[in-house]
S.K.: 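A single structure is presented below for examination.
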Amino acid sequence: MEKPTQQCEFKIGQRVHWVGDPHRIGTVKYVGPVEGYSGDWIGIDWDNRDGGKHDGSVNGVRYFIAQFPKSASFARPHNLSTGVSLLQALEIRYRTTSTKEEEDEMYVFSATNKRVNVQLLGKEKIQDILGRFEELPGASLSYLGVSSSGDPLQIRNTLPNLKELDLTGNLLSDWQDVDGICSGLPGLAGLNLTNNEMSHDVIAISHLKSLRILVLNNTTINWSQIEVLKDSLQVIEELHLMGNKLREITPTSSNIVKGFDSLRLLNLEDNHIADWGEILKLSQLKCLEQLQLNKNNIERIWYPSATDEPDKPFQNLHCLLIGGNKIQETSSIDALNSYPGLMDIRCSDNPVTDPSRGGLARFVLIARLAKVNILNGSEITPRERKDSEIRYVRLVMSKVHQNLEEMKALHPRFTELKAFHGIEDERPLNGPTGPQKMASGLIAITLKCVGPSIAEKPPLTKKLPATTTVGKLKTLCETFFKLKYIKPIFYLQEEGSPMPILLDDDMESLNDAGV
């Protein structure tokens with residue numbers, strides 16, 4: 001059991017947790033007396049924005065400034081812990097009687113950095129196995145109050161075969177302690193430091209050279225610190241930097257990020273990056289295959305027209321995740337065709353790709369993205385691509401454009417797709433070709449009627465003119481399905497799309513709706 005910490009051990013900026021609750025973590029902001037109360041107190045700004053009682057002021061006296069209105073509180077020294085060493089945490093986790101919550105957190109890392117829970121086939125047997133530290137290939141020490149490395153030599157002798165280590169939610173802040181842990185684990189390949197508030201004072205450290213996976217989510221790290229760590233990360237393959245409020249990529253020696261010769265995956269999700277120019281600073285990472293940018297503030301995407309670099313920008317990038325941004329223009333979608341190897345894209349939850357906000361339907365995205373074979377996590381089959389491209393061409397042909405140049409600017413792939421699929425120009429309705437044109441203008445749609453009061457009726461397939469409005473179809477459906485006193489709501493379910501699209505504009509034609 002860890003012991004509470006005496007007052008003399010506390011200092012401003014120190015990370016602590018509540019005794020008995022290592023998930024309740026905060027930062028020391030004040031040490032001393034509080035007016036109106038006896039004795040000494042420790043002022044804490046808790047990581048949980050609602051984890052305290054005030055903002056650092058009590059009875060009109062301000063002692064410190066907290067992050068949030070209710071994230072601060074004062075505590076007696078005996079109620080707080082400044083943590084334990086790595087090996088002390090190891091003893092707590094694997095050699096003491098575990099609670100059910102701790103058993104749920106017993107897992108090791110897979111080769112793909114996923115958590116694999118330990119199956120308790122026999123509690124005594126598994127505890128015996130985990131108790132033999134020298135055989136452990138991976139260890140989870142999350143939320144155990146680890147605040148220091150301890151003796152690196154002792155770590156090496158105790159854990160000679162450890163390859164994966166999860167230190168999520170501990171009290172680490174000093175990079176020297178991280179270096180000490182890694183120096184005691186020379187074979188360590190994967191390290192997770194998520195939810196450790198690391199110091200911004202980074203000095204060059206030398207014992208990260210074996211790491212292939214480094215997770216620094218929610219650690220308050222910035223790119224300047226990554227540049228300092230870069231020379232130590234000689235074989236790094238995956239770097240995760242989620243939730244660090246990053247706005248800029250700031251290389252030290254030029255405008256382009258250099259090094260990281262083995263980096264295959266870079267995760268920058270849930271940050272504050274808005275300018276695509278910042279992302280282009282990563283364009284010369286030669287081995288980069290997957291770039292994760294979900295939940296940023298990106299508004300526009302483009303591909304650099306010319307650079308002074310010898311290699312093509314993003315020459316090996318094949319997976320790009322840009323969901324949950326603020327992209328509005330179709331030109332940003334078209335620009336993705338310029339990225340030479342891009343085949344897997346997630347772009348949902350952007351204005352331009354959200355049909356409920358006037359964005360592009362799935363079939364339009366497929367037609368515009370020439371090389372993509374996985375869209376928003378769903379594989380694009382050859383049949384779906386063909387059908388989507390034909391639908392897209394016919395949709396564009398149904399629109400009125402001022403001239404050919406305007407059409408090419410708005411729909412860069414239109415001419416190519418029209419020729420590829422052998423689609424002829426529309427002919428006028430008058431003259432002897434009228435009936436054939438009318439017949440060719442009909443589309444077959446399958447109507448399904450479902451409602452809580454009418455259950456599910458048998459589906460109907462009808463041929464209707466593509467110019468039929470949504471409002472007109474609603475009226476027809478009232479007849480088709482004998483609906484009385486029921487106002488129908490229409491949804492379009494596209495092939496390959498997990499969610500139906502609401503059709504709420506009664507004046508919109510079926511053709512315009514992408515049917």
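Everything numeric here is computed off the predicted structure, so don't read it as measured data.
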S.K.: Indicate yes or no for a side-chain donor-acceptor contact from Ser210 to the backbone of Leu188 under 3.5 Å, with no hydrogens or angles considered.
M.R.: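 Checking the backbone N and O of Leu188 against the side chain of Ser210, a donor-acceptor pair under 3.5 Å is found.
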S.K.: Do you see a donor-acceptor pair shorter than 3.5 Å between the side chains of His207 and Asp179?
M.R.: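 On atom types as modelled, these side chains qualify, holding a pair under 3.5 Å.
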S.K.: For residues Ile249 and Glu278, report the shortest heavy-atom separation together with the two atoms involved.
M.R.: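 Reported closest heavy-atom pair: N-OE1, 2.8 Å.
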S.K.: With distance as the sole test, does Asn217 use its side chain to make a donor-acceptor pair with the main-chain N or O of Asn195 at under 3.5 Å?
M.R.: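 Checking the backbone N and O of Asn195 against the side chain of Asn217, no donor-acceptor pair under 3.5 Å is found.
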S.K.: So which atom in Glu384 and which in Ile366 form the shortest heavy-atom distance, rounded to 0.1 Å?
M.R.: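 Residues Glu384 and Ile366, closest heavy atoms: OE2-CD1, 3.4 Å.
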S.K.: If you count heavy atoms of other groups shown closer than 6.0 angstrom to CZ of Phe420, is the number above 12?
M.R.: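 It does not: Phe420 CZ has 12 such atoms or fewer within range.
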S.K.: Say you draw a straight line from CZ of Arg346 to SG of Cys319; how long is it, rounded to the nearest 0.5 Å?
M.R.: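 Between atom CZ of Arg346 and atom SG of Cys319 there are 8.5 Å.
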S.K.: Under a 3.5 Å distance rule, please check whether Asn222 uses its side chain to pair with a backbone N or O of Ser224 as donor and acceptor.
M.R.: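 Yes: the side chain of Asn222 pairs with the backbone of Ser224.
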S.K.: Can you tell whether the side chains of Glu299 and Lys326 come within less than 4.0 Å, N to carboxylate O?
M.R.: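 Salt bridge: no.
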S.K.: Does a salt bridge link Lys295 with Glu269, judged by any charged N lying under 4.0 Å from a carboxylate O?
M.R.: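 No, Lys295 and Glu269 are not salt-bridged.
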S.K.: For atom CD of Gln328, is the number of surrounding heavy atoms from other residues, nucleotides or ligands below 6.0 Å larger than 12?
M.R.: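 Atom CD in Gln328 is not crowded, with 12 or fewer foreign heavy atoms closer than 6.0 Å.
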S.K.: What distance do Ser332 atom OG and Arg300 atom CZ have between them, rounded to the nearest 0.5 Å?
M.R.: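 So the gap between those two atoms works out to 6.5 Å.
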S.K.: For atom NZ of Lys286, is the number of surrounding heavy atoms from other residues, nucleotides or ligands below 6.0 Å larger than 12?
M.R.: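 Count not over threshold, so no.
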S.K.: Show your reasoning for whether side chain to side chain donor-acceptor pair (under 3.5 Å) applies to Ser331 and Glu329.
M.R.: CA-CA 5 Å; Ser331 59; Glu329 300 177 1; 3.2 Å; yes
S.K.: Which atoms form the tightest heavy-atom contact between Ile213 and Ile236, and what is the distance?
M.R.: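 Heavy-atom minimum between the residues: N-CD1, 3.8 Å.
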S.K.: Just by distance, do the side chain of Asp344 and the backbone of His318 share a donor-acceptor pair under 3.5 Å?
M.R.: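 The answer is no, because no donor-acceptor pair under 3.5 Å joins these two groups.
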S.K.: Can you tell me how far apart CG (Leu291) and CG (Leu263) are? Round to the nearest 0.5 Å.
M.R.: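 It comes to 9.5 Å.
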S.K.: Assess whether atom CZ of Arg49 is packed by more than 12 heavy atoms of other residues, nucleotides or ligands within 6.0 Å.
M.R.: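 No - once you tally the heavy atoms of other residues, nucleotides and ligands closer than 6.0 Å, there are 12 at most.
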S.K.: Can we say Asp275 and Lys281 salt-bridge, meaning some charged N sits less than 4.0 Å from an Asp/Glu carboxylate O?
M.R.: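 No salt bridge links Asp275 with Lys281.
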S.K.: Hey, mind stepping through Leu369 and Ile380 against side chain to side chain contact (heavy atoms under 4.5 Å, CB included) and telling me if it holds?
M.R.: CA-CA 11 Å; Leu369 296 168; Ile380 302 170; over 6 Å; no
S.K.: For Phe363 and Asp387, what are the C-alpha separation, side-chain angles and deciding distance, and is it a side chain to side chain contact (heavy atoms under 4.5 Å, CB included)?
M.R.: CA-CA 8 Å; Phe363 81 92; Asp387 290 348; over 6 Å; no
S.K.: Once side chain to side chain donor-acceptor pair (under 3.5 Å) is applied, do any residues pair with Ser262, and if so which ones, sequence neighbours excluded?
M.R.: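 Partners of Ser262 by the side chain to side chain donor-acceptor pair (under 3.5 Å) criterion come out as none, since no residue qualifies.
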S.K.: Rounded to the nearest 0.5 Å, what's the gap from CD1 on Ile279 to CZ on Phe314? Could you check?
M.R.: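 The distance works out to 7.0 Å.
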S.K.: Using the rule given for side chain to side chain contact (heavy atoms under 4.5 Å, CB included), can you reason through Trp223 versus Val257, listing the C-alpha separation, both sets of side-chain angles and the distance that settles it, and then say yes or no?
M.R.: CA-CA 10 Å; Trp223 195 267; Val257 174; 3.9 Å; yes
S.K.: Hey, is the main chain of Gly323 close enough, under 3.5 Å, to the side chain of Asn294 for a donor-acceptor pair?
M.R.: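 It does hold such a pair.
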S.K.: Between Asp201 and Ser199, does any side-chain donor sit less than 3.5 Å from a side-chain acceptor?
M.R.: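 Their side chains do not contain a donor-acceptor pair, so the 3.5 Å distance test is not met.
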S.K.: Spell out, as yes or no, whether a donor-acceptor pair under 3.5 Å connects the side chain of Asp166 to the backbone of Ser142.
M.R.: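 No: the side chain of Asp166 does not pair with the backbone of Ser142.
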S.K.: Any sub-3.5 Å donor-acceptor pair from Asp270's side-chain atoms to Met242's backbone N or O?
M.R.: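 A pair under 3.5 Å: no.
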S.K.: Keeping Arg24 on the side-chain end and Gly51 on the backbone end, is there a donor-acceptor pair under 3.5 Å?
M.R.: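 Side chain of Arg24 to backbone of Gly51: a pair is present.
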S.K.: For a 4.5 angstrom cut-off between non-hydrogen side-chain atoms, does His200 reach Gln225?
M.R.: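 SC-SC contact between His200 and Gln225 confirmed.
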S.K.: Say whether, by atom type as modelled, one donor and one acceptor occur between the side chain of Trp276 and the main chain of Trp302 under 3.5 angstrom.
M.R.: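 Answer holds: yes.
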S.K.: Is Lys70 paired with Asp50 through a side-chain N to carboxylate O contact shorter than 4.0 Å?
M.R.: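 Answer for the salt bridge query: no.
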S.K.: Measure from the side-chain N and O atoms of Asn244 to the backbone N and O of Leu216, and report whether any donor-acceptor pair falls under 3.5 Å.
M.R.: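 At least one qualifying donor-acceptor pair exists.
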S.K.: Quick check: closest heavy atoms across Leu171 and Asn196, and the distance to 0.1 Å?
M.R.: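 Closest pair (atom of Leu171, atom of Asn196, distance): N-OD1, 3.5 Å.
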S.K.: Among all residues two or more places apart in sequence or in another chain, which pass the ring-ring contact (aromatic ring centres under 6.0 Å, His included) test with Tyr303?
M.R.: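 Tyr303: ring-ring contact (aromatic ring centres under 6.0 Å, His included) contacts with Tyr339.
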S.K.: Before you tell me yes or no, could you show the steps for Tyr143 and Ile25 under side chain to side chain contact (heavy atoms under 4.5 Å, CB included), namely the whole-Å CA-CA distance, both residues' side-chain angles and the distance that decides it to 0.1 Å?
M.R.: CA-CA 9 Å; Tyr143 293 98; Ile25 299 172; 4.1 Å; yes
S.K.: Have Asn376 and Ser378 got a donor and an acceptor in their side chains that come within less than 3.5 Å?
M.R.: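 Side-chain D/A pair, Asn376 to Ser378: absent.
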